[in-house]
Structures are given as C-alpha cells and as structure tokens.
Amino acid sequence: MTVTIVGSQLGDEGKGRVVDLYGDGADVIVRYQGGDNAGHTVVEGGTEYKLSLIPSGVIRGKIGVLGNGCVVNPATLFDEIDELKERGLDPDVRVSERAHVILPYHRVLDGIEEDAKEEDDLSAGTTGRGIGPTYEDKAGRRGVRIGDLLDPEVLRARLEYVVPQKRALAEDVFGIETGEEFDIDALYEQYREYGRRIEEEDMAVNGGSFLADRIDDGDEIMMEGAQGTSLDIDHGSYPYVTSSNPTTGGACTGTGLPPTAVGQGEVIGIVKAYLSRVGTGPMPTELGGVEGQTAGYTGGDPDSDEEQMATYIRDEGGEYGTVTGRPRRVGWLDIPMLRHAARVNGFTGLAVNHVDVLAGLDEVTVGHSYTLDGEELLTMPATTEKWGECEANFRTFDGWDPVDWSAVESWEDLPENCRTYLEYISDELGADIYCVGMGPDREDTLVLDSPY
Ligand code: IMP
C-alpha cells in the first residue's frame with residue numbers, strides 16, 4: 001500500500017512531522033519531486049535534524065529513496081548523509097538513476113535569472129538551489145542524470161554538449177564572467193567522483209522497479225511531497241512556483257509507480273492552521289508583509305493591529321525559512337486555496353498543524369471565499385493575475401486558550417473552539433482529520449486515525 005503526503009498550501013505546512021509520525025508504519029519513504037530546496041525539521045527525543053534533500057524517514061532507519069522526479073545535488077546528498085553518520089546514524093539512501101543532477105552552473109543561473117526578472121516583478125524568490133534551471137534542462141533533453149554519473153563516457157559527452165551552451169548563456173546573454181562552475185574538466189572530475197561514491201555505496205536504483213518489487217514483497221511505501229500545491233508548476237500560482245509537481249500526480253510520474261498504486265492508497269493533505277509563504281506572488285489573506293517578497297510592500301506601521309498580528313504569528317510559529325532563514329510571509333487560512341488543493345490532490349485525510357500557534361487569540365479568522373469582479377468565488381482562479389485581484393471574505397471563529405498540549409490525548413481534550421475550527425476545515429475540504437499538530441515535538445501530535 002502507498003501513503004502520499006502532500007502540502008496543501010505554499011510549503012512549510014509541517015510535512016516532515018507527518019512523514020515522521022506515519023513513517024513508522026512504512027518500510028520505504030520516497031521523495032518524488034524537488035531537490036535541496038525542501039527544508040524538513042524533525043525533532044526526535046529533543047534532538048533536531050534539519051534535512052533539505054534526503055527523506056527524513058532515514059532518521060528512523062527506513063529506506064529513503066530519491067525518485068526520478070527529484071533533482072539531486074550530490075554535494076548536498078553526501079553532506080547530509082555524512083552529517084547523519086557523524087551523529088551516529090547509518091542512513092540507507094537510494095537514488096533513482098533517472099533523477100536529474102543539479103550542477104554548479106544551475107545554481108549560478110538560478111541567481112542571475114532571478115536578478116534579471118526582478119525589474120519586472122517576475123522573480124519567484126527562489127531558494128537559489130538551481131532547481132528551476134535543472135528542470136529546464138530536463139525538459140530540454142540536455143540534462144545530466146544520476147545514471148550518467150556512473151558512466152565516464154556518457155558523463156563526458158553530456159558535459160561537452162551542455163556546458164558550452166550554459167557558458168554562452170551566462171556570458172553572452174547575462175553578461176557575467178564565468179569560472180569553475182562552467183569548466184568541463186573540473187565538472188567532470190568532481191561529478192565522476194560523486195558517481196564513484198554512489199556506485200561504491202550501491203545507492204543507484206532503477207526507482208520504479210525497486211519500489212514495485214518492494215510493494216510485491218508486501219512493503220508499505222510512503223511518498224513524501226515537498227513544497228505545496230500552490231507552488232506546483234501546473235496547479236500553483238504560476239510563475240511564482242517551483243518547477244515540479246508537488247501534487248499527487250507527481251507521486252506517479254516522480255516515482256515510476258502507476259496511478260493505481262497511488263490511488264489505491266491514501267493521500268494525506270497537510271494543512272497549516274494559518275498560512276505562510278516564502279517568496280513572491282499573491283496572498284489574499286496576508287497579514288502585513290515582508291519587504292522584497294510582498295509586492296509593493298515597503299514596511300507597514302508596526303503599531304497597527306495587522307502588523308502586530310503578523311509579528312505575533314511569525315514569532316509564535318517560528319516562521320523563518322529552514323533552508324534560507326528568510327522571514328516568511330504570514331496570513332490567515334485561505335479556504336479557497338485549500339478547496340483547490342483538495343480537488344487537485346484527492347485528499348483522503350488531513351493533518352492540521354500548528355493549532356497551538358493560534359491559541360491565545362481572541363478570535364481566529366479565515367478567508368472563507370473571495371470576491372472577484374463582484375462575484376463570490378469558492379476556489380482559486382486559474383490565473384495568478386486574477387488571483388491577485390481577489391479580495392478575501394473573512395469569517396471569524398472564537399479563539400481558544402493555550403492548554404497543556406502534551407496532555408491532549410483525545411479529540412475531546414482539545415479546546416471546544418479549536419474543535420469547531422478543525423471541523424469547519426474538515427467539512428470544507430471533505431476529508432477527515434487524521435492528526436493535529438500542537439507543538440514542535442513528535443509527542444505534541446494528537447493522532448486520531450492512521451492511514452495504515
Ligand atoms: P525554487 O523551488 O527554489 O525554484 O523556488 C520557487 C518558489 O518556491 C519560491 O517562491 C520559493 O520560496 C518556493 N519554495 C521552494 N521550496 C520551498 C519550501 O520548501 N517551502 C516553501 N517555499 C518553497
């Protein structure tokens with residue numbers, strides 16, 4: 001059986017915690033898209049682990065697979081593995097031979113293209129990890145794949161074809177001076193070395209058949225999406241998106257498992273009890289703003305109610321990027337965004353995180369619908385420009401006081417107003433709540449149901 005974990009908003013919904021929680025019942029945890037742009041924080045027995053590429057389930061001794069839909073920076077891969085080893089773990093990580101490789105020039109190009117777009121307000125505020133340029137090369141059929149690192153002749157041929165193009169792009173189009181990142185010999189030496197290590201440690205797999213064999217053997221597979229539905233290149237707020245498909249469909253194309261395998265399993269939507277966003281793009285329920293990310297925002301009145309609420313939620317929720325450390329934009333829960341996510345992904349269950357962050361507020365607000373051109377919309381419009389014109393229609397709920405969250409062991413133990421809020425979310429999305437996150441530790445989770 002498979003369980004797919006999908007972010008329902010804009011990333012940072014707390015997927016790592018849910019993967020960690022339900023990962024206990026899985027034998028293999030596979031990532032199906034993205035690369036080292038995904039920050040996961042897992043707290044285990046008071047120890048904090050921060051990973052940006054390898055599936056966090058390896059911390060618990062599971063097999064972690066990077067599926068063919070991922071883009072892999074081997075430097076990050078080995079840094080993360082080595083760090084876990086230094087901390088006494090023995091992570092078992094496999095990488096699909098079909099996954100594409102992030103090369104140093106992808107990172108350089110990510111940075112210069114973002115700078116070039118800035119003038120036209122088109123930059124996505126990327127993580128700078130080279131994700132977009134690597135997927136561009138994948139679609140352009142000029143990418144380097146993990147399997148190529150294992151074959152010296154193929155690797156050399158691929159680099160000789162692509163690197164001069166990249167150098168010309170950087171120098172002639174963007175007018176920058178290039179260095180080692182664009183040097184065929186230097187890249188060949190470095191990436192062959194990575195290839196040798198992948199071979200020595202027997203990490204390369206034919207991902208789809210590896211996973212299918214595991215299913216045949218009765219293993220449980222968990223598929224871990226990175227980012228979130230509104231950052232999906234097809235179903236998100238294009239062009240302020242990542243370059244892959246975090247939505248459920250990506251779990252098929254990004255692993256090599258068929259839609260039937262994914263569809264016969266469970267799809268759990270991860271919902272943060274409010275909203276956060278790293279990077280640019282519209283956000284109709286935003287509170288205050290973050291300079292450089294919120295369009296046209298140059299700093300609000302710090303004494304205003306809205307700015308104070310934004311600061312409160314940002315600080316209580318620790319809303320600073322795991323990968324970049326940037327302050328995240330924050331806002332109220334956006335229900336039209338969530339209805340869109342429920343439809344695209346087909347959630348069979350929900351995990352709602354961070355309800356403790358909202359505790360203590362007199363009232364908790366949600367954007368229940370939008371108004372666009374005088375009409376009420378219950379879901380997001382397809383173009384980002386129209387989405388940017390949407391005005392949120394808010395609903396308020398009575399707040400709940402903080403309680404001893406570690407003592408909450410059943411639905412009835414939750415504050416009544418918190419239950420009302422959660423029931424509303426579940427009703428609007430048409431899916432049951434499987435668990436509720438009430439604090440950073442694994443123990444701070446109320447488990448109501450299990451996908452296994
Ligand atoms: P990229 O994935 O680095 O190309 O960035 C594209 C957009 O996705 C930017 O707005 C990033 O801030 C956003 N993004 C990428 N990864 C994450 C994540 O893990 N959490 C939240 N936002 C992300």
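Note that ligands are numbered from 1 as they come in the structure, with each ligand's atoms numbered from 1 the same way. Because the structure is a prediction, the values reported are computed rather than measured. Note: hydrogens, waters and symmetry copies are ignored here, and every other heavy atom, side chains too, is used.
Checked by distance only, ligand 1 and Thr127 come closer than 3.5 Å through their nitrogen or oxygen atoms. Inclusion of Val241 in the set of residues having an N or O under 3.5 Å from an N or O of ligand 1 is not warranted. By the 3.5 Å distance cut-off applied to N or O atoms, Asn37 is counted among the residues near ligand 1.
When the options Asp234, Asp232, Leu231 are evaluated for a side-chain contact (heavy atoms from CB on, under 4.5 Å) with Thr247, the one that passes is Asp232.
Of all the atoms in ligand 1, the ones that sit under 4.0 Å from a non-hydrogen atom of Leu10 are 21 (C), 22 (N). Interface of Ala38 with ligand 1, defined as ligand atoms under 4.0 Å from a residue heavy atom, comprises 19 (O). Near Arg326, meaning under 4.0 Å from one of its heavy atoms, ligand 1 places the atoms 12 (O). The Thr126 neighbourhood of ligand 1 comprises atoms 1 (P), 3 (O), 4 (O), 5 (O), 9 (C), with distances under 4.0 Å to a heavy atom of that residue. Under a 4.0 Å criterion applied to the non-hydrogen atoms of Ala124, ligand 1 contributes the atoms 9 (C), 10 (O).
Side-chain atoms of His106 and Thr134 form a donor-acceptor pair, as typed in the model, at a separation below 3.5 Å. Using a 3.5 Å distance cut-off with no hydrogens or angles, the side chains of Gln293 and Tyr297 do not pair a donor with an acceptor.
Here the shortest heavy-atom distance to atom 2 (O) of ligand 1, taken over Thr280, Asp12, Thr242, belongs to Thr242. For atom 11 (C) of ligand 1, the choice among Gly228, Gly130, Gly279, Gly125 with the nearest heavy atom turns out to be Gly125.
A salt bridge links Asp82 with Arg197: the closest approach of a Lys/Arg side-chain nitrogen to an acidic carboxylate oxygen falls below 4.0 angstrom. We find that Arg107 and Asp36 are joined by a salt bridge, their nearest charged nitrogen and carboxylate oxygen being less than 4.0 Å apart.
Considering only residues two or more places apart in sequence or on other chains, Thr384 meets the side chain to side chain contact (heavy atoms under 4.5 Å, CB included) condition with Ser237, Tyr240, Pro282. Partners of Glu83 by salt bridge (Lys or Arg N to Asp or Glu O under 4.0 Å), not counting sequence neighbours, listed by chain and number: Arg87.
Counting heavy-atom neighbours within 6.0 Å of Arg314 CZ, excluding the residue itself, gives a total above 12.
Only the side chain of Leu231 comes within contact range of ligand 1, with a heavy atom under 4.0 Å; no backbone atom does.
Aromatic rings from Phe397 and Tyr424 are positioned such that their centres are separated by under 6.0 Å.
Judged by the shortest distance from any of its heavy atoms, Arg129 lies outside the 4.0 Å radius around the atoms of ligand 1. Look at Ser243 and you'll find every heavy atom at least 4.0 Å from all atoms of ligand 1.
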